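No experiment lies behind these values; they were computed from the predicted model shown. All chains are named by letter (A, B, ...) in the order of the sequence lines, taking the proteins before the strands, and each is independently numbered beginning at 1.
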Number of protein chains: 2
Amino acid sequence: MRERPSRATPHTVDAVLATATGNELAILLVRNSSERERWSVPWRTPQAGETLAAAAATVAKDALGEPPAWMEQIGAFGDGKRHPSEAEVSVAYLGLVPHDTASPRTGYAWFQVTELPPLAPRQRAMVEGATKAIEGSLDQAPIAFRLLPATFTLSELQHMYELLLGKRLHKASFRRALQAAWLVEPMDEWRSEGRGRPAQLFQYLPKKKRRPHRGVRFDFLYP
Amino acid sequence: MRERPSRATPHTVDAVLATATGNELAILLVRNSSERERWSVPWRTPQAGETLAAAAATVAKDALGEPPAWMEQIGAFGDGKRHPSEAEVSVAYLGLVPHDTASPRTGYAWFQVTELPPLAPRQRAMVEGATKAIEGSLDQAPIAFRLLPATFTLSELQHMYELLLGKRLHKASFRRALQAAWLVEPMDEWRSEGRGRPAQLFQYLPKKKRRPHRGVRFDFLYP
DNA sequence: GCGAATTAGTCACTTTCTGTGACTAAAGTC
DNA sequence: GACTTTAGTCACAGAAAGTGACTAATTCGC
């Protein structure tokens, strides 16, 4: 990503790195020296033989010093939209990092998703795709846990879900569903956070077997 | 970005075209004359300025004479796996067609997903991605309706869901969920299919507004 | 020290949804 | 006309989700 090829590059790999700050999602951008836009989603032209996922991991590592806790491809973008590179196609990856461990290298900075600076159109499409992917796979993948530190309170977990879903959840329902899913393990530690009763700490406990949905879901609105 | 590099194709667009035959999914493949594998997923190198989706639509049209009823991108594939082209990256699209309107051009043929001939590794990965995408977005998008003719009986619809989900559904539950979703509109026509009471015909009626899920779902098993 | 305020955590009740078997309806077969 | 076959509906039991009220453990103000 550093070197700018003199002629058209075949494709780029772009990493939309997200974290959750306070009460909003934030995206990591890198400062441009010479581009039309002052900021861009970090990207890279893969070396010969480098896999897409490996290239994305490298981009993330260059930005944060360590690989993200979660990474998945969210698709290929092109369609005539402009990109900082000359490439016709860019493959976008979504990476998630807990906010506490996420210290960007110099030149990189977090931006709230609602206050993003201007981006190249193709990269703006990627960010939109990434936020959709987060919401869409929230109940398919342990997204929320990848945005939290290794240990957390149930209130923190619930707030993370509320942030990602964009709606309030009822405490009792949330905990009942969580218990039924066997996703979380209580630890023998409590944390006192100013006033109020101390909260027990929990850690993520991956599921072993999937229990299929009951019923059929018809939850779409496509034309 | 408009200009096209003069050497090795930068990327390809591949179309995994699927239909439902009898009781299994089938994929459309094209016969190769000179490749290592005798069959391959139809693909194309996009022209300069051609969008990815447009290229995929062209591939599908070349294969079937008309665009599929549904088309969506399922991701970029590369990762060193071999492809009929020289391209390092291939963008795969999933296309769905009703079986009755799907007459392949010469050189193309349907294969049951369980009886696929050998494919280039990258294309095999695409087909696997496509079948996963079908099951995964079955309750997010009107997949089943795009595999059925414009009008259908509720039994046909239920059988399609059973095929795609790989499990049997209870008639009363299925219809109750369908009614609650307002996805289907009765027509003033009935069809008699040999013995038994004639079935009323229905057509797909896209939803206007989404009703959000109740509760929170923790349905994943990722590590 | 003590009550108010604050956050954690649980309980019980109500409402809604799903699984299921049995039922009625309308055709063909013999 | 009795039997078979497929369509379509009903009603009830059981499971899951929505919700408000409760108890528990801490800090703050006084």
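In this entry the distance linking CZ of B:Arg191 with C1' of C:dG28 reads 17 Å, nearest Å. In this entry the distance linking CZ of B:Phe218 with C1' of D:dA17 reads 13 Å, nearest Å. In this structure, A:Gln179 places its CD atom 13 Å from P of D:dA17, rounding to the nearest Å. Nucleotide C:dG9 holds its P atom 12 Å from the CG atom of A:Leu178, rounded to whole Å. Put simply, CD on A:Glu193 is 19 Å from P on D:dA25, counting in whole angstrom units. The CG atom of A:Asp139 sits 12 Å away from the P atom of D:dA17 (whole-angstrom rounding).
Applying the side chain to side chain donor-acceptor pair (under 3.5 Å) definition to pairs two or more places apart or across chains, none involves residues 59-68 of chain B. Screening residues 96-144 of chain B for ring pair (Phe, Tyr, Trp, His ring centres under 6.0 Å) gives B:Trp39-B:Phe111 as the qualifying pairs, with residues at least two apart or on separate chains. Residue pairs meeting the ring pair (Phe, Tyr, Trp, His ring centres under 6.0 Å) criterion with at least one partner in residues 124-165 of chain A, sequence neighbours excluded, are A:Phe145-A:Phe152, A:Phe145-A:Tyr204, A:Tyr161-A:Phe174, A:Tyr161-B:Phe218.
Under the side chain to side chain contact (heavy atoms under 4.5 Å, CB included) criterion, B:Pro98 pairs with B:Ala69, B:Asp100, B:Thr101, sequence neighbours left out. In this structure, the salt bridge (charged side-chain N to carboxylate O under 4.0 Å, His left out) partners of B:Glu193, at least two apart in sequence or on a different chain, are B:Arg191. Partners of B:Glu128 under the side chain to side chain contact (heavy atoms under 4.5 Å, CB included) rule, at least two apart in sequence or in another chain, are B:Arg124. Taking A:Pro118 as the reference, A:Glu37 meet the side chain to side chain contact (heavy atoms under 4.5 Å, CB included) condition, with sequence neighbours excluded.
Contacts between residues 155-164 of chain B and DNA chain C, counted as heavy-atom distances below 4.0 Å, involve no residue at all.
Positionally, the nearest nucleotide of DNA chain D for B:Arg195 lies more toward the 5' end than for the other of B:Phe202 and B:Arg195.
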Sequence-aligned protein contact record of nucleotides 18-26 of chain C, with B where the base is within under 4.0 Å of a protein heavy atom and S where only the sugar-phosphate is: BBBB---BB
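For B:Thr153 and B:Gln200, the side-chain atoms include no donor-acceptor pair closer than 3.5 Å.
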